[in-house]
Every structure is written in structure tokens, then in C-alpha cells.
Protein chains: 2
Amino acid sequence: MPTEPLSRGRIVAAAIGLIEREGADAVSMRRIAADLGVGVMSLYNHVPSKDVLLNGVAEAVLSKIEFTDDPDAHWTDRVRMQARAFRQIAHHYPRSTMVVVSRQLHSAAGLLPVERALATLRSAGFGGADAVSILRMFIAYIVGSLLREVGVTPTFAPVHTRTIKADSVDATLFPEVGSLAPLLDECDHEAEFEFGLELLIQAMVAHSARSR
Amino acid sequence: MPTEPLSRGRIVAAAIGLIEREGADAVSMRRIAADLGVGVMSLYNHVPSKDVLLNGVAEAVLSKIEFTDDPDAHWTDRVRMQARAFRQIAHHYPRSTMVVVSRQLHSAAGLLPVERALATLRSAGFGGADAVSILRMFIAYIVGSLLREVGVTPTFAPVHTRTIKADSVDATLFPEVGSLAPLLDECDHEAEFEFGLELLIQAMVAHSARSR
DNA sequence: ACCTGAACACCGTTCAAGT
DNA sequence: ACCTGAACACCGTTCAAGT
């Protein structure tokens with residue numbers, strides 16, 4: 001039975017599948033080739049190196065973000081929706097998120113979200129420089145939030161590992177950490193993300209009012 | 001000449017040096033051993049695996065943050081200083097920053113900065129839950145900012161590579177990106193960090209006033 | 001044009017042997 | 001207690017050979 005022919009897309013998809021199944025450390029050209037049922041060197045007919053293959057993984061994951069933009073909504077709501085859409089990759093591709101975040105993409109893969117964000121900010125009345133700086137702040141916040149969210153689960157095994165045990169922290173050296181241990185122990189990722197998102201949006205509103 | 005005896009500390013220091021000199025990808029147990037003038041397997045007398053060695057690298061870099069806290073300063077100034085101190089690691093250990101950020105530390109290495117931040121926020125009148133959420137938002141923002149700062153220079157070779165060329169962007173598909181290309185092309189990392197930092201701090205002040 | 005096995009220069013880590 | 005070389009099971013990638 002003649003399977004579907006090898007292609008860059010199939011290789012990238014196999015890599016993403018492998019990452020999600022076994023983690024980024026499990027990715028090797030040989031494993032991917034084995035998963036696809038081909039010889040290792042066949043991959044190199046479609047991809048020049050492992051490094052650019054991983055760039056392809058990052059681009060593919062980024063391009064799968066589902067942006068549903070409503071141009072009629074208030075700009076603060078549009079910003080909210082776009083930020084949440086970005087966060088979805090941490091849910092759909094948790095183990096690939098680290099790959100996305102740790103690669104500098106010089107391609108146009110991430111350009112569509114940037115375009116939409118800038119358009120939204122400009123429509124809200126922000127100047128070009130402010131729009132770019134605000135976008136960068138937002139991206140930093142989202143990326144950092146995703147890292148916390150997926151970094152906490154490098155493997156899904158220890159589903160409830162307490163990072164800080166109240167009784168193990170020297171209460172004289174770290175009194176605040178000690179007394180807040182119950183709060184530090186648990187992290188509702190969605191709630192934390194929304195908390196920061198609202199603060200950021202309100203900061204933007206205030207900044208907009210100041211510079212008006 | 002009997003060189004200093006091998007130790008976990010010397011091994012971690014050698015790893016950090018290697019990372020800063022040649023990048024995180026260059027790190028291998030064999031290279032570290034060679035740099036230290038010992039056999040590979042000697043390392044395993046002091047470090048159980050490469051994985052926990054890299055955790056040691058992350059902890060060592062984190063512990064080198066220089067926090068100069070002034071308890072008499074206004075809490076917003078203290079938050080500013082702490083955030084800037086954190087950002088210093090991107091300057092002192094640029095290539096190690098990715099290692100720090102990509103490892104989940106279950107140790108007490110990062111506890112001192114957390115303690116100081118929480119103490120500052122509580123002294124500003126924030127409740128425990130708010131203090132924890134605000135700290136998490138700040139850490140997300142700082143981590144994301146550091147990633148942008150060091151991710152842009154995986155190697156220092158292309159000192160001025162333009163990521164987006166104005167004429168290469170389809171102006172009809174990406175009009176905003178096209179018109180803002182000059183701004184997107186350059187990034188004053190310190191200025192961008194400070195921009196977001198001020199917005200975050202003002203958001204905190206507003207949040208504090210609201211919940212007072 | 002696409003596939004491939006052999007080969008090269010690497011990895012992390014186990015183990016048994018040394019002192 | 002600390003060091004170590006040999007060995008094992010892996011890597012990414014080059015190259016020459018196939019179709």
C-alpha cells in the first residue's frame with residue numbers, strides 16, 4: 001500500500017505529535033523517521049536540518065491559533081479575545097509551547113496576530129510607537145504566562161506536586177512565603193492569566209486617557 | 001601541580017562559562033569534563049545527571065541576582081528596583097537566561113526574591129491573594145521580556161539583522177506591520193522593559209486604590 | 001527528484017576496575 | 001571516597017550509491 005508521500009508538512013506534523021506524546025526531549029530525526037516509516041535520511045530531502053524543522057514546528061503551532069476577531073466589539077474586548085486566543089496554544093499543544101517560545105522566528109508565521117493586534121490598538125487611538133510598545137508588553141506577559149503554565153507540567157506525572165511545603169520553609173528566613181504557602185502552592189492558571197490581563201487592559205485604558 | 005579538587009560548584013561554574021562562551025547547545029558532559037581537565041565520569045561523583053546539573057546552573061544564576069532593597073523607599077520604587085535587578089541576569093548571563101527560564105525549579109533558590117517581593121507588596125497594603133497574583137503577573141512579564149531580549153540574540157553574530165523588511169511585507173495583507181516596520185525593526189530592550197514596568201506599576205496603584 | 005544504508009563524529013550514562 | 005576507561009545505546013549529518 002503506497003502511503004502518502006513524504007513532505008515537509010507530514011514531517012512537521014509527525015514532530016509535533018512526537019513532542020506532544022513524549023516531550024520535546026524525545027524528538028530526534030531518527031524517531032521522527034521511524035514514526036513515519038522511512039529512513040532517517042529521507043527527511044533531509046524535505047528539511048535541511050533538525051534546527052529548521054523545529055522552526056517549522058513553531059510556525060505550524062503558531063499558525064494554528066484560532067483568531068476570531070469581531071471588528072465591531074470594543075477594542076478592550078478585542079484585545080481580551082486576542083490574548084485568550086494566544087493562550088489556547090498552551091492548551092492544545094502544551095509540550096510544543098516551549099519550542100514555540102524558545103525559537104526566534106524570522107518568518108512571517110507570527111505576522112498575522114501581530115497585524116491584528118496593531119490594527120486593534122491603532123483603532124483604539126494609540127500612536128504607532130505606543131501601539132508597538134503595548135504589543136510588546138502584552139506578548140511578554142502572555143509568553144511568560146504560558147511558560148509558567150506549561151513549565152509546571154514538563155511531564156504530567158506529578159499532577160499535584162507541592163513546590164513549597166509550608167513546614168519545610170524556614171519561617172524566620174521566609175515569613176511571607178511561609179504564611180502564603182497555601183496560595184503559592186496552588187495556581188489556577190486561567191484565573192491568574194485573567195487577573196493580569198484585566199490589570200494590563202486597565203493600564204492601557206489609563207495610558208490612553210493620559211496621552212489623549 | 002594539584003589543581004583545586006572537583007566539586008559540584010566548580011562543575012556548575014564550568015557549565016555556565018561554557019554556555020556563555022558557546023551557547024546552551026554546546027553544553028555536554030564531555031565538554032565540561034574536558035574544560036575541567038578531568039574524565040567525563042568524574043563529573044558523576046558530584047552530579048547525578050546532566051539534567052540536575054542544568055538545574056544547578058539555573059539556581060546558581062538566579063542566586064547571583066543582586067538585590068539591593070531599601071525598606072524606606074516607596075513601595076513602587078522598591079518594586080521597580082526588584083524588577084530591574086531580575087532583568088540584570090539577561091545582561092550578566094545572556095545565554096544562560098534561556099536555561100533559567102526553561103527549567104522548573106523545585107528548590108529554594110528562587111525563594112529569596114519571592115520573599116522580598118511579597119513583603120514589599122504586603123507592606124503596600126495588598127492582601128495575600130492579591131500579592132501572590134500580582135507577583136505572578138510581574139514574573140510573567142519579566143520572564144517574557146527576558147526571553148525577547150536574549151532570544152533575539154541566540155548568537156551575537158547578526159548584530160543588526162532586520163526581522164521584517166518593509167518592502168518584503170505584503171502591504172495589503174499586513175498594512176499595519178508594513179507602516180510600522182521601522183518601529184518593529186528596532187527594539188530598545190531597556191526602554192521597552194521600562195515602558196511595560198511603568199504601566200504595570202500604575203495598574204497596581206489603580207488596583208490598590210480600587211480595592212482599598 | 002527522491003530515497004537510502006553505511007559511516008563519522010559526537011552524545012549521556014552504566015559498569016567494573018582502579019586508588 | 002573519588003577517579004576513570006571501556007562499552008552501550010543513542011544522536012545529527014555527510015556522502016556515495018541507488019531508483
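Treat the numbers as computed from the prediction; the structure is a model and nothing was measured. Just the heavy atoms: all of them, side chains too, but no hydrogens, waters or symmetry mates, feed the values below.
Between Glu194(B) and Arg80(B), none of the side-chain N atoms (NZ, or NE/NH1/NH2) sits under 4.0 Å from a carboxylate O, so this pair counts as no salt bridge. The residues Glu59(A) and Arg103(A) are annotated as not salt-bridged, no charged nitrogen and carboxylate oxygen being separated by less than 4.0 angstrom.
Nearest-nucleotide assignment on DNA chain C puts the 5′-proximal partner with Gly37(A), out of Gly37(A) and Arg30(A).
Met41(A) comes within 4.0 angstrom of a nucleotide base, judged by non-hydrogen atoms across all strands.
Closest to the side chain of Ser49(A), out of dG12(C), dT13(D), dC3(C), is dT13(D).
Going from atom CG of Asp25(A) over to atom P of dG12(C) covers 12 Å, rounded to whole Å. Put simply, CG on Leu36(B) is 16 Å from P on dC2(D), counting in whole angstrom units.
Nearest heavy atom pair, residue Val61(B) against residue Ile16(B), reads CG2-CD1, 4.0 Å.
Using the six-membered ring where Trp is involved, Tyr141(B) and Phe193(B) have ring planes that are parallel, under 30° apart on the 30 and 60° scheme.
Pair assignment for dA7(D) gives dT13(C), based on Watson-Crick or G-U wobble hydrogen-bonding distances that are each under 3.5 Å. Across all strands shown, dC2(C) forms a Watson-Crick or G-U wobble pair, both distances under 3.5 Å, with dG18(D).
OP1 or OP2 of dC11(D) sits under 4.0 Å from a side-chain N or O of Ser28(A). OP1 and OP2 of dA1(C) both lie 4.0 Å or more from every side-chain N or O belonging to His46(A). Within the 4.0 Å cut-off from OP1 or OP2 of dT4(C), at least one side-chain nitrogen or oxygen of Ser42(A) is found.
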